[in-house]
Amino acid sequence: MLTFLKRTLATKSEGIELVGNHLEWQGLNLLKFALMEEQIMLKLVKPDIKYKNQYLEMLGEWKGTGEQPQPWVLHEDYSDFNAMVQKFENLSKGIDVPNGFVPSSTYWAYDDESGKIVCAVNIRHYLNDMLIKVWGNIGYGIRPSERRKGYATIILKLALECCKTLKMERVLLGCYKENIASAKTILKNGGVLENEVIEENSGKLVQRYWINTKSILDE
Ligand SMILES: CC(C)(COP(=O)(O)OP(=O)(O)OC[C@H]1O[C@@H](n2cnc3c(N)ncnc32)[C@H](O)[C@@H]1OP(=O)(O)O)[C@@H](O)C(=O)NCCC(=O)NCCS
């Protein structure tokens with residue numbers, strides 16, 4: 001388990017109130033959110049039946065927003081929860097991997113303080129022809145209510161540590177150019193831009209970044 005500093009909106013400090021999208025302090029609109037820091041305990045956990053309630057609660061929130069959950073593992077059928085967990089375990093061991101897919105490890109990010117799952121991560125153990133073109137080794141998504149608190153930056157760091165354990169020295173990540181938050185998350189974790197390509201399905205520009213896990217994590 002790791003401890004990190006979480007940045008949150010300073011809504012409780014004396015004289016500061018959240019008004020619409022602005023903070024008001026002594027009658028002044030502060031255009032930038034004031035930030036305060038608090039400690040959080042965050043860990044990547046393997047999918048497990050014991051997190052069923054928290055997992056369904058996260059998915060429910062996602063569905064309520066109408067946004068497609070990411071990464072793809074969040075679309076797995078959970079009606080037989082144990083079967084879904086077993087499927088993820090099998091995929092991590094290279095068992096019953098569907099055509100066109102590669103072995104992958106799935107984790108959920110669990111915040112001990114709130115008792116919530118805040119994110120899912122899918123680590124592809126190697127790249128096939130399709131993955132190397134655009135989306136690379138790691139997919140992640142933070143549940144809507146937990147964004148802009150620094151989670152993605154921390155979780156990508158934890159995922160890179162998993163990659164290192166899996167002896168993946170160089171990791172490819174792809175994100176839409178318009179996805180500023182994801183690009184910043186990758187850059188803050190040592191991402192080096194390789195190039196920009198057009199994704200065939202959407203016609204959108206995707207940025208491809210490499211991260212060298214050895215040099216980043218041995219610092
Ligand atoms: C992209 C995503 C993972 C970012 O998660 P997050 O927890 O909000 O990110 P963080 O809080 O760690 O912020 C990372 C950086 O992005 C910035 N950022 C976050 N949301 C932003 C937004 N909507 N617009 C602009 N910048 C944003 C943060 O300020 C931070 O940069 P800073 O340190 O310079 O201030 C999250 O928005 C998400 O899950 N989106 C949907 C799924 C997705 O896009 N997954 C990635 C696929 S490549």
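Note that the structure is a prediction, hence the values are computed from the model and not measured. As the structure lists them, so they are numbered: ligands from 1, and atoms in each ligand from 1.
- For ligand 1, none of its N or O atoms has an N or O atom of G141 under 3.5 Å away.
- Below 30°, between 30° and 60°, or above 60°: for Y51 and Y110 the angle between ring planes is between 30° and 60°, a tilted geometry.
- Considering both main-chain and side-chain atoms, E67 never comes within under 3.5 Å of ligand 1 through any nitrogen or oxygen pair.
- Put simply, the side chain of H125 never gets that close to the backbone of V102: no donor and acceptor are under 3.5 Å apart.
- Set against the non-hydrogen atoms of T185, the atoms of ligand 1 under 4.0 Å away are 14 (C).
- Between K149 and E113 there is no salt bridge, since no side-chain N of the basic residue sits under 4.0 Å from a carboxylate O of the acidic one.
- A donor-acceptor contact shorter than 3.5 Å links the side chain of N128 to the backbone of G100.
- For ligand 1, the atoms closer than 4.0 angstrom to any heavy atom of C175 are 48 (S).
- Short contacts between ligand 1 and A152, defined as distances under 4.0 Å to a heavy atom of the residue, involve ligand atoms 3 (C), 4 (C), 5 (O), 6 (P), 7 (O), 9 (O), 12 (O).
- The option from R147, K184, K157, E146 that lies nearest to atom 40 (N) of ligand 1, judged by heavy atoms, is R147.
- Considering backbone and side-chain atoms alike, N179 places an N or O below 3.5 Å from some N or O of ligand 1.
- No donor-acceptor pair closer than 3.5 Å links the side chain of N137 to the backbone N or O of I123.
- Considering backbone and side-chain atoms together, R148 places an N or O closer than 3.5 Å to an N or O of ligand 1.
- Checked by atom type and distance alone, the side chain of R208 pairs as donor or acceptor with a backbone atom of I132 at under 3.5 Å.
- For ligand 1, the polar-atom distance check finds no N/O of I180 at less than 3.5 Å from any of the ligand's N/O atoms.
- The side-chain heavy atoms of L158 and Y107, taken from C-beta on, include no pair separated by under 4.5 Å.
- With respect to the salt-bridge test (charged N to carboxylate O, under 4.0 angstrom), the residues E146 and R143 do not qualify.
- The residue from Q70, K149, Q207, E178 that puts a heavy atom closest to atom 42 (C) of ligand 1 is Q70.
- For ligand 1, the atoms sitting less than 4.0 Å from at least one non-hydrogen atom of G150 are 10 (P), 11 (O), 12 (O), numbered in the order shown with element in parentheses.
- In the candidate list W62, W135, Y140, Y140 is nearest to atom 45 (N) of ligand 1, counting heavy atoms.
- Nearest heavy-atom pair, P71 versus A120, reported as atom, atom and distance to 0.1 Å: CD-O, 3.3 Å.
- Side chain of D77 to backbone of M84: no donor-acceptor contact under 3.5 angstrom is found.
- Ligand 1 has an N or O atom lying under 3.5 Å from an N or O atom of K188, backbone or side chain.
- Every atom of ligand 1 with a heavy atom of S182 under 4.0 Å away is listed here by number and element: 1 (C), 46 (C), 48 (S).
- Within ligand 1, counting atoms from 1 as listed, the ones closer than 4.0 Å to a heavy atom of G174 are 48 (S).
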